[in-house]
Amino acid sequence: MGRHQRSGSLSVTSSATPSSDATELDFAAAADVGCPFGRVDALGPVELRETAYEIFFMSCRSSSGGNTAGAAEVSSPVAGPRGGGGFGASRVKKALGLKARRLSSSSSSLAASAAMVAQPMMVRTLSQTSGPASPGRGRRPMTSAEIMRQQMRVTEQSDARLRRTLMRAVVGQVGRRPDTIVLPLELLRQLKPAEFADGEEYHQWQFRQVKLLEAGLILHPSLPLDRLNSAVLRFREVMRATEIRAIDTAKSSDAMRTLTSAVHALAWRSGVGSGGGDACHWADGYPLNVLLYASLLAAIFDHRDCTVVLDEVDELLDLIRKTWPTLGVTRPVHNVCLAWAFFQQYVVTGQVEPELAAAALAVLADVAADARGTRDAVYGKALLGALGAMQEWSEKRLLDYHDSYEKGIGGAPTEGMEILLSISLAAGKIIADRDAAADADAADNFAGDRVDYYIRCSMKNAFTKILESGMGDGDGEPGVVLTQLARDTEELAVVERRSFSPVLRRWHPAPVAVAAVTLHGCYGVVLRQYLGKVTILTEELVRVLQSASRMEKAMAQMTAEDAADCRDDRAKAIVGDMEPYEVDSVVMGLLKVWMDDRFKITMDCLARAKETESWIPKSKDEPFAGSAMEMMKLAKYTVDEFSEIPASAKDEVVQDLVDGLEAIFQEYISFVASCGAKQNYLPPLPPLTRCNQDSGFFKLWRKAVLPSCQAPEGGPRGVGVGGSHHVPRPSISRGTQRLYVRLNTLEYVLTHLHAIDKSLVAAPAPRFDGARAAAKSAIARVAEVAAFRLVFLDSRHSFYHGLYVRGVADTRIRLALRALKQNLTFLVSVLADRAQPVAVREVMRASFEAFLMVLLAGGGDRSFARGDHAMVEEDFRSLRRAFCTCGEGLVPEEVVAREAEAAERVVELMARPTDALIDAFGVATSESIVAAVGRGGDDGDGGYGGVTPVPPTSRRWDAADANTILRVLCHRDDEAASQFLKRTFQLAKRR
């Protein structure tokens, strides 16, 4: 028998085990259309389905309204089969336009009997029997609960176990509402290992219940939850134990008491929108609740014939509705989930049953009404997820409907296309209307605008396939390919007008015109590419132009006829979108050749520069690279020659010229700026230690012998740091000088970009914005790298390696300042005027950074007492004053003050007593310490072996930063600081 002749109902003789076809269908569904509601990582589809059935069963147990027959109530969620309505028409199916699948008893009883004899596994109706026959009595019909069990693939063993468990759980609690029961907790209490096949099965079942509680109460709660809540921590302990082995669930078990108290504390929380305190919240958080509800709705489709909606859908939905309080589902959410269920079923069954899509559309009408008045957050997520997925899946096919529907899918070539158009536009319209910012005109024109977009995209894709096919046939010359392409494009427009435009006209006033204009534009792109490579006029070029002209006239005629039959002004405006082809092939071709030649010459200059540039200035008056002068001369000559071309031709390609030159400029700027990074010159941070409190005699001995036995490594020209009599010379190395040549080169390029821009009379100013921005960015970067190299490499002996090494009083900043001033004088003398401010400013920043690293990361050779603060503060003021007086206002005083603020705050820390520093450190690290203690203190200490972790550093020193304060304490030479560091972090003493 055919698929649509089968019944939509089930009998108890059917197996609850899913068939292989159903399983394959599930895999196909997952691959073709994903779930739009998100996912719960801890629970898979099977676990969600089993949980959904358990909630369904629990919710339906109260349908008898307090019937004292507790066992009967729990054993079956409904009292019996549909009374007297076994062959009545389904109200839901009628409302959704779904046909009844059941054969009538009056006309088909003989046929049904014959079919049952011929095929025992054939689907049977509710009027057929399910148990063994007895004399004079037929077998009982299936109840809706039994149908639900089979549809959700629950075994009779699991179902019976669930009945017994709930019967034990509700003894003495008749009338208790399901939404006041935490079902997984009740199941854990009642079910024992003896009711399972083996201990492993019980362990897996128990851990699933715990994972479900975690998902509903902690991972996806309906009310906001602090993850550090004590109940959460208690629950996590039990969960970790359950993951290893099954826990004892007896009432006297400590684990069960802990779990029960934690679950009750989390489930019975109240909050805004919680509905008060008379219901618990364990399965009503998004997306868990929607995923569970979607699993229930999937049961309305016959799992043996997935295109069929069961005739018992009314009863099933009535029973499913009883889960709403537990899952926190409202009617708007139900409508969204039901629409998605029908759409997903239509997709995964191969789009062979249009009724499923029609049902989805019918439900979307209710969704549209709900969306206008519902602003619930969960509903908004479910709505946007489901409708967005519908629209996305549909549009993926509609954007290339020629390929998707030319051969037909599930019926006539355009039947499936019309269905997807309706769904995509309905879903998209709901989303657009929900956006409060959308104006009325945009909402009114939504369908027309989207269909316009579909037509244009599909025509472009179809045109691309024709073009690729023509290019792949034989060794055709480009002219031959374009001539044939013009004929194929015209034929494609005819097919579009005959086959697809009648369907599209339902939503768009002029679909033929849109298609013709799009094809005309696509061919124009290919034609212009071809003309750009032609240097002389040939017969082949003439044939191409003639074919293009014929095709253009045909497209124009289709567009005009379609727009003339339409009264919509938007349709008539489409005619103006068809731009005539520009075929001035000789001039345009010559221009292209000329531009390409000029670009090649300039690129050759760039290639030579990359191979030979040594960054040695041409002269004192021209302190920049010679490659920059050569390149800018070539660019200026190109622009001047371009300006002499007749204006009628050059206006169309001026932007091409600008883009080509700008790309070369940007590549050259990138080459000049490729000089490393400042991090290459920053010294690594030494390990943190605490000062060694030596005796007075030992300190005097070290002071006496240090100059002779611990001379600083390799000072420049053999001069030690302590030689205050020495007058330093500029210590700028050749590598640093080359960096400043690069800086001059970038300023030279930037200046000449302005001059070249002004030479483009035909082009509206400004041009070369990208190159100018790249040059400015490169100037700042190169200046920064040069400054850090100057300070941390060239001046390291007098600054970072020498300052305060033997104590503050003996190694003040005077010598480092002399070297710095000499370097600044030399720097200003070799830099171009426009490059001097940025270069000096970056040297200032690098110097401040070096000064702070001396104080905070100076290693084991530096220590500071509180009394050293005045000298350090005076040294820093001297350093700051050096930049205020450098040149003639190269760095404004307000800029110096702003850059020095952070360093001054750090220097001020040195004046504080040790106790105050410890208190400040505690305030700065209180949150991180509390978090570490909450984790049990086993997260490590940043590599220093202490109980408390060392605060991390970003090397952005600040007086409020915990790591900065800690470093001040590490360099504080007193017993209190040493004892604090030993007690808190177990830092080692310096050697």
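In this structure a side-chain-to-backbone donor-acceptor pair under 3.5 Å is missing from Ser670 to Gln666. Between the side chain of Thr811 and the main chain of Gly807, a donor-acceptor pair closer than 3.5 Å is present. Remark: the backbone N or O of Ala625 is paired with a side-chain donor or acceptor of Thr745 at under 3.5 angstrom. For the pair Arg690 (side chain) and Cys970 (backbone), a donor-acceptor distance under 3.5 Å is absent. Glu747 places no side-chain N or O within donor-acceptor distance of the main-chain N or O of Ala832, the cut-off being under 3.5 Å. With hydrogens and angles ignored, the 3.5 Å screen pairs no side-chain donor or acceptor of Glu784 with any backbone N or O of Glu842. Listed for the Ser777 side chain is no donor-acceptor partner under 3.5 Å among the backbone atoms of Ala774. Asp794 places a side-chain N or O within 3.5 Å of a backbone atom of Ser733 that can act as its donor or acceptor partner. Listed for the Asn744 side chain is a donor-acceptor partner under 3.5 Å among the backbone atoms of Val830.
Interatomic distance, OG1 of Thr964 versus CG of Leu969, reported as 11.0 Å (0.5 Å rounding). With rounding to the nearest 0.5 Å, the separation of CG in Leu688 from CG in Asn963 is 6.5 Å. For the atom pair Phe851 CZ and Ile813 CD1, the distance stands at 5.0 Å (nearest 0.5 Å). Rounding to the nearest 0.5 Å places CE of Met853 at 13.0 Å from CG of Leu803. Going from atom CG of Leu750 over to atom CZ of Arg834 covers 6.5 Å, rounded to the nearest 0.5 Å. Atom CD of Glu899 and atom CZ of Arg845 lie 4.0 Å apart (nearest 0.5 Å).
Salt-bridge annotation for Glu874 and Arg812: present, with a side-chain N of the basic residue lying under 4.0 Å from a carboxylate O of the acidic one.
Using a 30° and 60° split on the angle between ring planes, Tyr804 and Phe864 fall in the perpendicular class, above 60°.
A cation-pi geometry, defined here as NZ or CZ lying under 6.0 Å from the six-membered ring centre and within 45° of its normal, does not hold between Arg898 and Phe883.
Taking every heavy atom of both residues into account, Tyr668 and Ser627 meet most closely at OH-OG, 2.7 Å.
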